[in-house]
Engineer: 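My structure is below; once you've seen it, I'll send some questions.
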Amino acid sequence: QVQLVESGGGLVQAGGSTRLSCAASDRTFNSNYMGWFRQAPGKERDFLVAISRSGSSTYYADSVKGRFTISRDNGKNTVYLQMNSLKPEDTAVYYCAARTYFGGSVYNSETYNYWGQGTQVTVSS
């Protein structure tokens, strides 16, 4: 079955807000880290945010620090990405990811072994 399923994407005005959700299976949700990445056409997949199993450790890319917030609800097996003060350059496909092994940087997409299918976020100016 599908391990990670994103939802909440769509069209948002610049300066607006939206929240993405990622529903996970027990196995993928109980990973050491879960994170969000994004990819625009013709661009590399970029790290955005990550959160540890307990939620005690979080990591943010400089481009979204102060605007985006990652959180998790362990009772619902769901991780969230709250996005505020959106800019046109935030337009991309957003992916939820999980890593079940240790080692390597949480900023590196290659260290994540489970991925959602992605959800499109378009920010208009």
Engineer: Is there side-chain contact between S31 and R99, with heavy atoms separated by less than 4.5 Å?
Structural biologist: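 Side chain of S31 against side chain of R99, heavy atoms only: no contact under 4.5 Å found.
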
Engineer: Drop me the distance from S63's OG to L48's CG, to the nearest 0.5 angstrom.
Structural biologist: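 One gets 6.5 Å once the value is rounded to the nearest 0.5 Å.
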
Engineer: Below 4.5 Å, heavy atoms only, C-beta onward: do V79 and I70 meet side chain to side chain?
Structural biologist: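 Of all side-chain heavy-atom pairs linking I70 with V79, at least one is under 4.5 Å.
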
Engineer: Nearest 0.5 angstrom please: T69 OG1 to N84 CG, how far?
Structural biologist: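 Taking OG1 in T69 and CG in N84, the distance rounds to 6.5 Å.
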
Engineer: Output all residues satisfying side-chain contact (heavy atoms from CB on, under 4.5 Å) with R67, sequence neighbours left out; order by chain, then residue number.
Structural biologist: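 side-chain contact (heavy atoms from CB on, under 4.5 Å) list for R67, sorted by chain: V64, S85, K87, D90.
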
Engineer: With sequence neighbours excluded, give me every disulfide bond (SG atoms under 2.5 Å apart) pair touching residues 63-106.
Structural biologist: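 Applying disulfide bond (SG atoms under 2.5 Å apart) to every pair that reaches into residues 63-106, excluding sequence neighbours, yields C22-C96.
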
Engineer: Checking side-chain polar atoms at under 3.5 Å, does N113 have a donor or acceptor matched by the opposite partner on T100?
Structural biologist: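 Yes.
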
Engineer: N77: what forms a side chain to side chain donor-acceptor pair (under 3.5 Å) with it, not counting sequence neighbours?
Structural biologist: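 With sequence neighbours excluded, N77 shows a side chain to side chain donor-acceptor pair (under 3.5 Å) to D26, given in chain and number order.
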
Engineer: Any side-chain heavy-atom pair from M83 and V121 closer than 4.5 angstrom?
Structural biologist: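 M83 vs V121: side chains touch.
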
Engineer: Are W36 and L4 linked, directly or through other ILVMFWY residues, by side chains that come within less than 4.5 angstrom of each other?
Structural biologist: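 Looking at the clustering, L4 is in the same group as W36.
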
Engineer: Name all residues meeting the side chain to side chain donor-acceptor pair (under 3.5 Å) criterion together with Y94; count only those two or more places apart in sequence or in a different chain, and write none if there are none.
Structural biologist: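 Partners of Y94 by the side chain to side chain donor-acceptor pair (under 3.5 Å) criterion, ordered by chain and then number, come out as R38.
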
Engineer: Flag the pair S52 / N32 as yes when at least one side-chain heavy-atom distance between them is below 4.5 Å, and no otherwise.
Structural biologist: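 They are not in side-chain contact.
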
Engineer: Holding to side-chain contact (heavy atoms from CB on, under 4.5 Å), I want the full list of residues that pass it with V93, two or more places apart in sequence or in another chain.
Structural biologist: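 So V93 forms a side-chain contact (heavy atoms from CB on, under 4.5 Å) with Y95, Q120.
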
Engineer: Between atom OG of S25 and atom CD of Q3, what is the distance when rounded to the nearest 0.5 Å?
Structural biologist: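 Here the rounded value is 4.0 Å.
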
Engineer: Which heavy-atom pair separates F29 from M34 by the least distance, and what is that distance?
Structural biologist: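 Of all heavy-atom pairs spanning F29 and M34, the closest is CD1-SD, 3.6 Å.
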
Engineer: List for me each residue that meets side-chain contact (heavy atoms from CB on, under 4.5 Å) alongside S125, sequence neighbours excluded, and say none if there are none.
Structural biologist: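 Result, side-chain contact (heavy atoms from CB on, under 4.5 Å) vs S125: P88.
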
Engineer: Do any N or O atoms from the side chain of T122 and from the backbone of T91 form a donor-acceptor pair under 3.5 angstrom?
Structural biologist: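 Checked: no pair found.
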
Engineer: Taking T119 for its side chain and S7 for its backbone only, find out whether a donor-acceptor pair lies under 3.5 Å.
Structural biologist: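 No, T119 side chain to S7 backbone: no donor-acceptor pair under 3.5 Å.
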
Engineer: Just grab all the salt bridge (charged side-chain N to carboxylate O under 4.0 Å, His left out) pairs involving residues 53-62, residues at least two apart or on different chains.
Structural biologist: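 Counting only pairs at least two positions apart or across chains, the salt bridge (charged side-chain N to carboxylate O under 4.0 Å, His left out) contacts touching residues 53-62 are D62-K65.
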
Engineer: Quick check: does any side chain N or O of Q13 sit under 3.5 Å from a backbone N or O of V123, one acting as donor and the other as acceptor?
Structural biologist: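 No, Q13 side chain to V123 backbone: no donor-acceptor pair under 3.5 Å.
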
Engineer: Can you name the side chain to side chain donor-acceptor pair (under 3.5 Å) partners of K76, sequence neighbours left out?
Structural biologist: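 Partners of K76 under the side chain to side chain donor-acceptor pair (under 3.5 Å) test: none.
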
Engineer: Which residues satisfy the ring pair (Phe, Tyr, Trp, His ring centres under 6.0 Å) test with F37, sequence neighbours excluded?
Structural biologist: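 Listed in chain order: F47, Y112, W115.
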
Engineer: Within this structure, what is the CG-CG distance for the pair N30 and N74, rounded to the nearest 0.5 Å?
Structural biologist: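 CG of N74 is found 7.5 Å from CG of N30.
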
Engineer: Can you list every pair that meets ring-ring contact (aromatic ring centres under 6.0 Å, His included) and has a residue in residues 57-88, with sequence neighbours left out?
Structural biologist: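 For residues 57-88: Y33-Y59, Y59-Y107.
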
Engineer: Among residues at least two apart in sequence or on other chains, which ones pass side chain to side chain donor-acceptor pair (under 3.5 Å) with E89?
Structural biologist: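 Scan of E89 (side chain to side chain donor-acceptor pair (under 3.5 Å), adjacent residues dropped) gives none.
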
Engineer: Going by disulfide bond (SG atoms under 2.5 Å apart), name the pairs with one or both residues in residues 40-80, residues two or more places apart or in two chains.
Structural biologist: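 Not a single pair qualifies under disulfide bond (SG atoms under 2.5 Å apart).
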
Engineer: Using a 4.5 Å cut-off on heavy atoms from C-beta on, say whether the side chain of S71 contacts that of Q82.
Structural biologist: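 No, every pair of side-chain atoms sits at 4.5 Å or beyond.
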
